[in-house]
K.L.:
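I have a structure I would like to understand better, so I am pasting it below and will then ask my questions one at a time.
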Amino acid sequence: MNLLIGICLTGLLATTAAKASQYPADSLLLYFKQVEDATSLYQGLWDKNIYGPILLVDPETREAYANRPDAEGLLTFENGLYKGILPKAVPLSNTDIRWSGTHWAMIKLPLSYNEQDRTDLITHELFHVAQPSLGFQFQKEENAHLDLREGRIYLRLEMAALEAALRAPRANRAEEHLRNALLFRKYRYVLYRGAETRENSLEMLEGLATYTGQIMSGRDKWQWREYLIRRIGDFEKVPSFVRSFAYETVSVYGFFLYQKDNNWNKRINGDTQLTELFSDAFGVERRILLQSYVKQVAEEYGGWVIAEEESKREFTHNILLDIYREKFFERPCLEIRLEEMDMAFDPLSLIPLDEDEGTVYPTITLSDSWGILVVEKGGVLLRNDWRWAIVSAPLEITDEKVVGKGWIIELNDGYRISQNSEGNYLISRK
C-alpha cells in the first residue's frame, strides 16, 4: 500500500498565489534553482543534500513539470523541464509519491509568490523523500485522543505555552514557558495510555519535515519567530488536531533548540522519543504530575476558558459522531476492500470515531485496483486497519461509474457492484 499523506499544512501557503492558466518555463526553472541552492546551503542540517526529484502538478489539467526525468521515460524534455500528464489514478496533493519508477516530492501548482514560503513547502516534501535514507522509518499511528475533550484541552494548553515562549522578552522566561508546555504534554500522556508513542511517531514523520522546511526557507530568526506565532494562531481555528498538531509542535521546540545548539536534530534516530529529548534540553524535572498542580499552572494560559470552550465543542461534536455512526453502521452502505491504495486527503479535518470503528475523512481522493473514489461531501469511513473504506449506499450504478450522495467511483474494467443479504453493497471482481 502506498500512502499519500495529503495536504501538508505548509501547503496552505500556496493559496495566496494567483492562479495562472500556464506556467512559464523560466519561472519553474527559477523555483527549482532556488530550492537546489537552499538544499545545498543547508546540507549540513542532516549531513546530506536532500535535493531530489520534484514534480509540480497543475491540479486542473494534471500537467506535470519535473526537474529530473522519470525512470520509465514517460516525461518528455522541453525548455529545460521534463513534462507530461499525470495519470488520473494518481491522487494529487503536496506529498511524496512513487510514480513511474521514481520517488518524487509532489507539489500542487500554483506556488506562492513568496520565495521563503515556496522553498519551505518544497523542501518539506523533499525531506519526506530523503527520510528513509536518513534512517527514519515510521509506522502510521492514530491519535484519536486529540479529538477528545481532555486531549484537546491539554494540547491547546501546550500550544498556548509555546506561543508565550515565542513572545517572551527573555530567554529564561521563554524556557519557563517551554517547561510548562512539556508539563501539559506529559500530563496528556498520563491521561491517555500509549499517547506518547502515537504522537511521537507522527511528530517524527511530519514534525521533522516541517522543521527542515522552515530552516531551509531562509527566514532569519525574527522572521521565523513571527511566522511560528502566526501558525499557532491559525492552529486554534483548525477543526481537527489528530494529525495537524505534529506540523506545529516540533518546529517551535526546534526553534529554541536551534538557538542553543544548531546540531540538536542530529541526535535524533529512529528510536528517539522527542518528548524526552525536549525535556532534557529545557531542564524539565522528573516528578509525579499532580492534577491540582497542573491545573494551577494552566490558569496562567487561560485554562478555564479553554476548558469551557471544549465542553461546548464536545456537546455538538458528539451529535456529529452519532450522525456518522448511524450513517456508516446502521444504514445500507458500500463497503470497499482496499488492496493497493493511494490516497490524498486534508489532514485538518479528520474525525475519529471509537478505536474499533475507524476515522471519517470528510473529503478524499482514493485509488485502488478497482478504480478511483472521489468524496467531495458526506465523508468516507476508513477502518483503523486501513483494509476497508465505507461510503453511503450508491444511488446510481453502471458498468463504468458508481454514484452516491457526495461521492463518485470510476470503476475499472473487471469489477462490479453487488449487494449482499444484509443490504450492503460490495465491489468485487467479475
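Note that these values count all heavy atoms, side chains included, but never hydrogens, waters or copies made by symmetry.
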K.L.:
Just wondering, more than 12 heavy atoms not from W388 lying within 6.0 Å of its CH2?
P.N.:
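For W388, atom CH2 is crowded (more than 12 foreign heavy atoms under 6.0 Å).
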K.L.:
Taking the six-membered ring for Trp, are Y187 and Y154 parallel (under 30°), tilted (30 to 60°) or perpendicular (over 60°)?
P.N.:
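Answer is perpendicular, since the angle exceeds 60°.
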K.L.:
Under 3.5 Å, is there a donor-acceptor pair linking the side chains of T275 and Q273?
P.N.:
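On atom types as modelled, these side chains do not qualify, holding no pair under 3.5 Å.
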K.L.:
If the threshold is 4.0 Å, N to carboxylate O, is there a salt bridge linking E308 and R313?
P.N.:
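Looking at E308 and R313, the cut-off is not met.
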K.L.:
Working to the nearest 0.5 Å, report the span between CZ of F328 and CD1 of I323.
P.N.:
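Taking CZ in F328 and CD1 in I323, the distance rounds to 11.5 Å.
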K.L.:
May I ask you to decide if W104's main-chain N or O and T102's side chain share a donor-acceptor pair within less than 3.5 Å?
P.N.:
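No.
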K.L.:
Taking E300 first and then R173, would you say they form a salt bridge - that is, a charged N and a carboxylate O separated by under 4.0 Å?
P.N.:
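The answer is yes: the pair qualifies as a salt bridge.
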K.L.:
Enumerate the salt bridge (charged side-chain N to carboxylate O under 4.0 Å, His left out) contacts for residues 350-375, please, sequence neighbours excluded, ordered by first and then second residue.
P.N.:
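Qualifying pairs, neighbours excluded: R325-D354, R325-E357.
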K.L.:
Are R149 and S311 close enough, and set up right, to give a side-chain hydrogen bond (donor to acceptor under 3.5 Å, both in side chains), and what steps lead you there?
P.N.:
CA-CA 7 Å; R149 179 179 179 273; S311 293; 2.9 Å; yes
K.L.:
Hey, could you give me the CG/CD distance between D120 and E125, rounded to the nearest 0.5 Å?
P.N.:
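Taking CG in D120 and CD in E125, the distance rounds to 10.0 Å.
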K.L.:
To the nearest 0.5 Å, tell me how far N265 CG sits from I215 CD1.
P.N.:
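CD1 of I215 is found 8.0 Å from CG of N265.
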K.L.:
Just say parallel, tilted or perpendicular for the rings of H124 and H128, cut-offs at 30° and 60°.
P.N.:
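Rings of H124 and H128: perpendicular, as their planes differ by over 60°.
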K.L.:
Is it true that the NZ or CZ of R287 lies under 6.0 Å from the centre of Y293's six-membered ring and within 45 degrees of the ring axis?
P.N.:
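Here R287 passes the 6.0 Å and 45° test against Y293.
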K.L.:
N49 and T39: side-chain donor and acceptor closer than 3.5 Å?
P.N.:
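Looking only at side-chain atoms, T39 and N49 do form a donor-acceptor pair, the distance falling under 3.5 Å.
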K.L.:
Given 3.5 Å as the limit, does a donor-acceptor pair link the side chain of R231 with the main chain of E248, or not?
P.N.:
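Such a contact is absent between R231 side chain and E248 backbone.
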K.L.:
Closer than 4.0 angstrom, basic N to acidic O: yes or no for E226 and R230?
P.N.:
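No, this pair does not count.
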K.L.:
Identify, with sequence neighbours excluded, every residue that meets side-chain hydrogen bond (donor to acceptor under 3.5 Å, both in side chains) alongside R62.
P.N.:
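Checked R62 against side-chain hydrogen bond (donor to acceptor under 3.5 Å, both in side chains); zero matches.
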K.L.:
Ignoring hydrogens and geometry beyond distance, is a side-chain donor-acceptor pair present between S349 and Y361 at under 3.5 Å?
P.N.:
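Judged by distance alone, the side chains do not pair up.
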K.L.:
Less than 4.0 Å between a side-chain N and a carboxylate O, is that true for K266 and D261?
P.N.:
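Looking at D261 and K266, the cut-off is not met.
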K.L.:
Is it true that a side-chain atom of W370 and a backbone atom of R337 form a donor plus acceptor pair closer than 3.5 Å?
P.N.:
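Flag set: sc W370 to bb R337 pair under 3.5 Å.
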K.L.:
Distance-only, no hydrogens or angles: does the R179 side chain make a donor-acceptor pair with backbone N or O of F282 under 3.5 Å?
P.N.:
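Yes; judged by distance alone, with no hydrogens or angles, the pair exists.
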K.L.:
Step through it carefully: locate the ring centre of W222, locate the ring centre of Y227, and say whether they are under 6.0 Å apart.
P.N.:
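Ring-ring flag for W222/Y227: false, centres at least 6.0 Å apart.
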K.L.:
Could you verify whether a donor N or O on one side chain and an acceptor N or O on the other, from E340 and S369, lie under 3.5 Å apart?
P.N.:
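Per modelled atom types, E340 and S369 side chains form no pair under 3.5 Å.
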K.L.:
With rounding to the nearest 0.5 Å, note down the distance linking NE2 in H103 to CG in D96.
P.N.:
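It comes to 3.5 Å.
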K.L.:
Mind jotting down which residue pairs meet the side-chain hydrogen bond (donor to acceptor under 3.5 Å, both in side chains) criterion with at least one end in residues 77-90? Sequence neighbours excluded, please.
P.N.:
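Of all non-adjacent pairs touching residues 77-90, those that pass side-chain hydrogen bond (donor to acceptor under 3.5 Å, both in side chains) are K88-E410.
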K.L.:
Please name all residues satisfying ring pair (Phe, Tyr, Trp, His ring centres under 6.0 Å) with F241, sequence neighbours left out, ordered by chain then number.
P.N.:
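For F241 the ring pair (Phe, Tyr, Trp, His ring centres under 6.0 Å) partners, ignoring immediate neighbours, are F235.
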K.L.:
Listing request: all salt bridge (charged side-chain N to carboxylate O under 4.0 Å, His left out) pairs with a residue in residues 152-162, at least two apart in sequence or in separate chains.
P.N.:
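Sorted result for residues 152-162: R152-E310, R156-E236, R156-E309, R156-E310, E158-R185, E158-R188.
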K.L.:
Say whether R331 and S392, considering side chains only, have a donor N or O and an acceptor N or O under 3.5 Å apart.
P.N.:
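Absent: no donor and acceptor within the cut-off.
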K.L.:
Take F245 and V238 through the side chain to side chain contact (heavy atoms under 4.5 Å, CB included) test and state the conclusion after the steps.
P.N.:
CA-CA 10 Å; F245 81 97; V238 169; over 6 Å; no
K.L.:
Would you find a donor on one side and an acceptor on the other, under 3.5 Å apart, between the side chain of S100 and the backbone of D70?
P.N.:
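Absent.
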K.L.:
My understanding is that only residues two or more places apart in sequence, or in another chain, count here; which of them pass side-chain contact (heavy atoms from CB on, under 4.5 Å) with D234?
P.N.:
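Partners of D234 under the side-chain contact (heavy atoms from CB on, under 4.5 Å) test: K237.
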K.L.:
Look at the side chain of N143 and the backbone N and O of L146, then say whether any donor-acceptor pair between them is shorter than 3.5 Å.
P.N.:
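Flag not set: sc N143 to bb L146 has no pair under 3.5 Å.
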K.L.:
Return the CG to CG distance between L41 and D37, rounded to the nearest 0.5 Å.
P.N.:
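Atom-to-atom, L41:CG and D37:CG are 8.5 Å apart.
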K.L.:
Tell me whether F315 at atom CZ has more than 12 heavy atoms from other residues, nucleotides or ligands lying less than 6.0 Å away.
P.N.:
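Not buried by this count: 12 neighbours or fewer within 6.0 Å.
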K.L.:
Taking side-chain contact (heavy atoms from CB on, under 4.5 Å) as the definition, give me every residue that meets it alongside L277, ordered by chain and number, with sequence neighbours left out.
P.N.:
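L257, W264, R267, I268, T272.
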K.L.:
Just list the side-chain donor-acceptor pairs under 3.5 Å for residues 25-32, sequence neighbours left out, or say none.
P.N.:
none

K.L.:
Parallel, tilted or perpendicular: which one describes the rings of Y65 and Y23, with boundaries at 30° and 60°?
P.N.:
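If you compare the ring of Y65 with that of Y23, the planes turn out perpendicular.
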K.L.:
Would you confirm whether K295, through its side chain, and L290, through its main-chain N or O, come within 3.5 Å as a donor-acceptor pair?
P.N.:
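Checked: no pair found.
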K.L.:
Would you indicate whether E285, at its atom CD, is surrounded by more than 12 heavy atoms from other residues, nucleotides or ligands within a distance under 6.0 Å?
P.N.:
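Incorrect, the count does not exceed 12.
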K.L.:
Set out, in order, the CA-CA distance, both residues' side-chain angles and the distance that settles salt bridge (charged side-chain N to carboxylate O under 4.0 Å, His left out) for K108 and D58, then state yes or no.
P.N.:
CA-CA 6 Å; K108 293 200 301 182; D58 184 331; over 6 Å; no
K.L.:
Keeping R225 on the side-chain end and L166 on the backbone end, is there a donor-acceptor pair under 3.5 Å?
P.N.:
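Indeed, once roles are kept as given, a pair shorter than 3.5 Å links the two residues.
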K.L.:
Within the side chain of S40, is there an N or O that forms a donor-acceptor pair under 3.5 Å with the backbone of E36?
P.N.:
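Such a contact is absent between S40 side chain and E36 backbone.
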K.L.:
With sequence neighbours excluded, tell me which residues meet side-chain contact (heavy atoms from CB on, under 4.5 Å) with R193.
P.N.:
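Result, side-chain contact (heavy atoms from CB on, under 4.5 Å) vs R193: none returned.
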K.L.:
Where do V250 and T210 land on the side chain to side chain contact (heavy atoms under 4.5 Å, CB included) test, with the steps shown first?
P.N.:
CA-CA 8 Å; V250 173; T210 302; over 6 Å; no
K.L.:
Would you please name every residue forming a side-chain hydrogen bond (donor to acceptor under 3.5 Å, both in side chains) with N200, sequence neighbours left out?
P.N.:
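N200: no side-chain hydrogen bond (donor to acceptor under 3.5 Å, both in side chains) contacts found.
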K.L.:
Does atom CD (E376) have a neighbourhood of more than 12 heavy atoms from anything else shown, all under 6.0 Å?
P.N.:
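For E376, atom CD is not crowded (no more than 12 foreign heavy atoms under 6.0 Å).
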K.L.:
Check this for me, if you would: do E142 and R198 make a salt bridge, where the nitrogen-to-carboxylate-oxygen distance has to be below 4.0 angstrom?
P.N.:
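Judged by the 4.0 Å cut-off on N to carboxylate O distance, E142 and R198 do not form a salt bridge.
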K.L.:
Test your reading of the model: is there a side-chain donor-acceptor pair from S133 to the backbone of A130, 3.5 Å cut-off?
P.N.:
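Checked: pair present.
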K.L.:
Would you call R286 and D280 a salt bridge, using N to O less than 4.0 angstrom?
P.N.:
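Looking at R286 and D280, the cut-off is met.
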K.L.:
For H177, give me all partners under ring pair (Phe, Tyr, Trp, His ring centres under 6.0 Å), at least two apart in sequence or on another chain.
P.N.:
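H177: ring pair (Phe, Tyr, Trp, His ring centres under 6.0 Å) contacts with Y301.
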K.L.:
For the residue pair H145 / E150, report whether a side-chain donor-acceptor contact shorter than 3.5 Å exists.
P.N.:
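Absent: no donor and acceptor within the cut-off.
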K.L.:
Applying side-chain hydrogen bond (donor to acceptor under 3.5 Å, both in side chains), can you list everything that pairs with W224, at least two apart in sequence or on another chain?
P.N.:
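With neighbours one apart ignored, the set is Q214.
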K.L.:
Any chance you could measure E199, atom CD, to T249, atom OG1, to the nearest 0.5 Å?
P.N.:
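Going from CD on E199 over to OG1 on T249, the span is 8.0 Å.
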